[in-house]
Amino acid sequence: MKKHLIALDLDGTLLTSTQTISTRNKRAIDQVRALGHTVVIATGRPHRASIDYYHELGLDTPMVNFNGALLHHPTDKNWEALHSPLG
């Protein structure tokens, strides 16, 4: 089977109106990860406003913050972050 990268936005996509991740979404994410697909968070939020969701999902992948201006790996300190803000 072909493996896919699944990038999840938080606001208006993954999170409910109460800023939580539904049980249904957690189950779906667990299922696709079990199939070998890679799941990442890609959000306009800063790191501090998204890291708890990253840990809640048990991710071990890079994360994209600030609408793409920061690409980093929260659990791999040997992974070099890319920070490239506009302006």
Side-chain angles (χ1 to χ4, degrees):
M1 177 178 60
K2 202 176 202 182
K3 304 297 181 190
H4 296 279
L5 171 66
I6 302 167
L8 302 172
D9 183 28
L10 295 178
D11 299 302
T13 306
L14 180 62
L15 302 180
T16 67
S17 60
T18 59
Q19 302 297 298
T20 60
I21 304 171
S22 71
T23 302
R24 181 179 179 198
N25 281 346
K26 285 182 193 176
R27 263 190 259 132
I29 292 165
D30 287 344
Q31 289 172 350
V32 298
R33 290 180 69 205
L35 292 171
H37 301 294
T38 301
V39 176
V40 300
I41 290 176
T43 181
R45 289 180 176 214
H47 170 83
R48 70 182 179 280
S50 54
I51 191 65
D52 290 341
Y53 299 113
Y54 178 92
H55 290 303
E56 183 177 347
L57 293 172
L59 298 179
D60 59 358
T61 54
M63 183 163 59
V64 180
N65 293 100
F66 295 118
N67 290 323
L70 175 63
L71 177 59
H72 61 107
H73 198 306
T75 60
D76 185 349
K77 300 306 172 201
N78 294 318
W79 207 85
E80 189 173 336
L82 173 62
H83 186 235
S84 185
L86 294 175

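Everything numeric in this text was worked out from a predicted model, so none of it was measured.
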Got more than 12 heavy atoms from elsewhere within 6.0 Å of CD, Q19?
-> yes
Using every non-hydrogen atom in the two residues, find where [X] and [Y] come nearest and quote the distance to one decimal.
{"X": "S50", "Y": "N65", "result": "OG-ND2, 2.8 Å"}
{"X": "H73", "Y": "P62", "result": "CD2-N, 3.6 Å"}
{"X": "P74", "Y": "M63", "result": "CG-CE, 3.8 Å"}
{"X": "H37", "Y": "H4", "result": "ND1-N, 3.0 Å"}
{"X": "L70", "Y": "A81", "result": "CD1-CB, 4.5 Å"}
{"X": "I21", "Y": "K26", "result": "O-CE, 3.5 Å"}

Would you call [X] and [Y] a side-chain contact if the rule is heavy atoms closer than 4.5 Å?
{"X": "N25", "Y": "L14", "value": "yes"}
{"X": "K3", "Y": "L35", "value": "no"}
{"X": "L10", "Y": "Y54", "value": "no"}
{"X": "I6", "Y": "T38", "value": "no"}
{"X": "L59", "Y": "Y53", "value": "no"}

Let me check something: do [X] and [Y] share a hydrophobic cluster, defined by ILVMFWY side-chain heavy atoms less than 4.5 Å apart, either directly or through other members?
{"X": "I29", "Y": "L15", "result": "yes"}
{"X": "V32", "Y": "V40", "result": "no"}
{"X": "L8", "Y": "I51", "result": "yes"}

Those residues that, when tested against T18, pass side-chain hydrogen bond (donor to acceptor under 3.5 Å, both in side chains) (two or more places apart) = T16, T20
